[in-house]
Amino acid sequence: MIKLIVDSTAYIPKDFVEKNDITVIPLHVLYMEKEFEEGLPGSYDEFFESFTKTKLFPKTSQPSPESFINAYNKVIDDGNEAIVFTISASLSGTYSVANLAKDSCKDPEKITVIDSMSTGQNIWGYCMEVLEKADEGWSREQIVKYISALQVNSQICFVPDSLEYLKKGGRIGRVSATIGSLLQIKPVLTFKQGTLLCAKKIFGMGKAISDLIAMIPEKTKRLFAIHIANTKFFDVLLEKMKTAFPKTKIYEGELGPVVAAHIGPAVGVCYIC
């Protein structure tokens, strides 16, 4: 049987994790001199309550090799094999750690580690695809090749509430952030195949959300409406998406502290084609 292992930045809901026996390896967050493991969606309220008021930047760190080795060995001991998804190698060393752990587990041939080249609900969507194909009898090799093809046209896009967090994270300059805030300019950020870009700069959140939705292809395999810190703009995004894609199932997703450390409160879309 093919088992799934992901890191916590997949942000897969608890009920889906439990139903499909997915192993989640948490990244670590250091915030206000306290270190904690990033949990599953639904457990971030206390963090965001503080984060959005203090605007202190948390630091994040990758899991230990041992956490992956233990997960791999359990899969192997149970007579199974595993596909492992990690946050993009361009954002974190987690992919390298997962590969290093593979070399130290009981049977590396039973483990395939995939750099998602993304984060968040793209990984959840890939997990959905793996589960479906495994149920159809596909081999691990066939599934990995299929996922590689999906990654080419999969993307996650954000519109941050504020430029403040991007400024603190060094993504934009102080002057650009100040001018952008004064003029209510909103960047549309895209993350595809491991590359973060500012696709557009839009005047006003309403127009930015409309442009965000316009970027979604007409036909998608998986479509997600996502948010960081339960921003007030999420309901607006979700309603506009439902209007634009009335026949498409839209999954709702929450991203946690690790991604929030780079972007701050935001809304976004995520799709797999």
Side-chain angles (χ1 to χ4, degrees), residues 6 8-17 19 38-49 51-52 116 118-129 150 153-166 184-192 196 198-273:
V6 301
S8 59
T9 68
Y11 301 120
I12 302 174
K14 183 178 180 180
D15 58 349
F16 191 93
V17 167
K19 178 182 178 181
E38 185 176 48
L40 297 175
S43 67
Y44 312 137
D45 289 353
E46 183 177 349
F47 168 80
F48 282 128
E49 175 68 21
F51 175 67
T52 54
S116 73
S118 188
T119 187
Q121 282 64 33
N122 267 155
I123 301 176
W124 182 16
Y126 294 147
C127 288
M128 293 179 186
E129 294 292 329
L150 289 181
N153 295 311
S154 300
Q155 187 165 241
I156 186 167
C157 313
F158 296 99
V159 178
D161 281 12
S162 166
L163 300 178
E164 185 71 20
Y165 299 89
L166 291 168
Q184 289 297 299
I185 294 173
K186 301 295 183 183
V188 178
L189 307 177
T190 62
F191 192 63
K192 182 178 182 180
L196 178 67
C198 179
K200 298 180 180 181
K201 295 179 181 178
I202 310 296
F203 179 77
M205 181 59 89
K207 179 66 166 58
I209 289 176
S210 295
D211 278 43
L212 193 67
I213 295 171
M215 296 171 67
I216 303 171
E218 289 186 10
K219 294 183 179 180
T220 62
K221 288 182 177 293
R222 309 285 177 185
L223 179 58
F224 302 85
I226 58 179
H227 69 88
I228 299 173
N230 197 27
T231 168
K232 61 184 179 181
F233 299 108
F234 182 63
D235 288 342
V236 176
L237 170 70
L238 187 58
E239 288 307 311
K240 287 189 174 184
M241 287 180 69
K242 289 178 178 178
T243 300
F245 296 91
K247 297 181 179 180
T248 303
K249 180 175 177 58
I250 301 173
Y251 297 89
E252 297 180 33
E254 177 186 21
L255 289 88
V258 170
V259 174
H262 301 283
I263 297 174
V267 294
V269 300
C270 178
Y271 58 82
I272 294 175
C273 296

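Positions are given from 1, in the same order as the sequence printed here. Since the model is a prediction, treat every value here as computed from it, not as a measurement.
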### Query
Looking at CZ of R222 and SG of C270, how far apart are the two atoms once the value is rounded to the nearest 0.5 Å?
11.5 Å
### Query
Within a strict 4.5 Å, meaning less than it, do heavy atoms of the S154 and Y126 side chains meet?
yes
### Task
For residues I226 and I156, determine if any side-chain heavy atom of one lies less than 4.5 Å from a side-chain heavy atom of the other.
yes
Only distances under 3.5 Å count here; give the side-chain donor-acceptor pairs of residues 240-257 to other protein atoms, sequence neighbours excluded, each with its distance to 0.1 Å.
residue	atom	partner	partner atom	Å
K240	NZ	S210	OG	3.1
T243	OG1	E239	O	3.0
E254	OE1	G42	N	3.0

### Taking every non-hydrogen atom, the tightest pair across T231 and A266
CG2-O, 3.3 Å
### Closest contact, heavy atoms only, P217 versus C273
CG-SG, 3.6 Å
### Message
How long is the straight-line distance from NE2 of H227 back to CZ of F233, given to the nearest 0.5 Å?
### Response
14.0 Å
### Query
Where the side chain of K186 meets the backbone of D161, is there a donor-acceptor pair that is under 3.5 Å apart?
yes
### Message
I need the minimum non-hydrogen distance between M215 and A199, along with the two atoms involved.
### Response
CE-CB, 4.3 Å
### Query
Can you tell if the side chain of P265 reaches within under 4.5 Å of the side chain of F48, non-hydrogen atoms only?
no
### Query
How close do P41 and P13 get, heavy atom to heavy atom, and via which atoms?
CG-N, 4.3 Å
### Message
Go through it in stages, so that I can follow the logic: the residues are N122 and F191, the test is side chain to side chain contact (heavy atoms under 4.5 Å, CB included), and I'd like the CA-CA distance, side-chain angles, deciding distance and then a yes or no.
### Response
CA-CA 10 Å; N122 267 155; F191 192 63; over 6 Å; no
### Query
Hey, what do you get for CG (N153) to OH (Y271), rounding to the nearest 0.5 Å?
8.0 Å
### Query
Is the shortest heavy-atom distance from the side chain of F16 to the side chain of L40 under 4.5 Å?
no
### Summary
side-chain contact (heavy atoms from CB on, under 4.5 Å) test vs F158 passes for just one of V267, I263, V269, T190, namely I263
### Query
Nearest heavy-atom pair of L212 and L237: which atoms, and what distance?
CD2-CD1, 4.1 Å
### Message
Would you compute the distance between atom NZ of K201 and atom CG of L189 and round it to the nearest 0.5 angstrom?
### Response
10.5 Å
### Query
Going by the angle between their ring planes, with limits at 30° and 60°, are W124 and F224 parallel, tilted or perpendicular?
tilted
### Query
Roughly how far apart are I272 CD1 and E129 CD, rounded to 0.5 Å?
6.0 Å
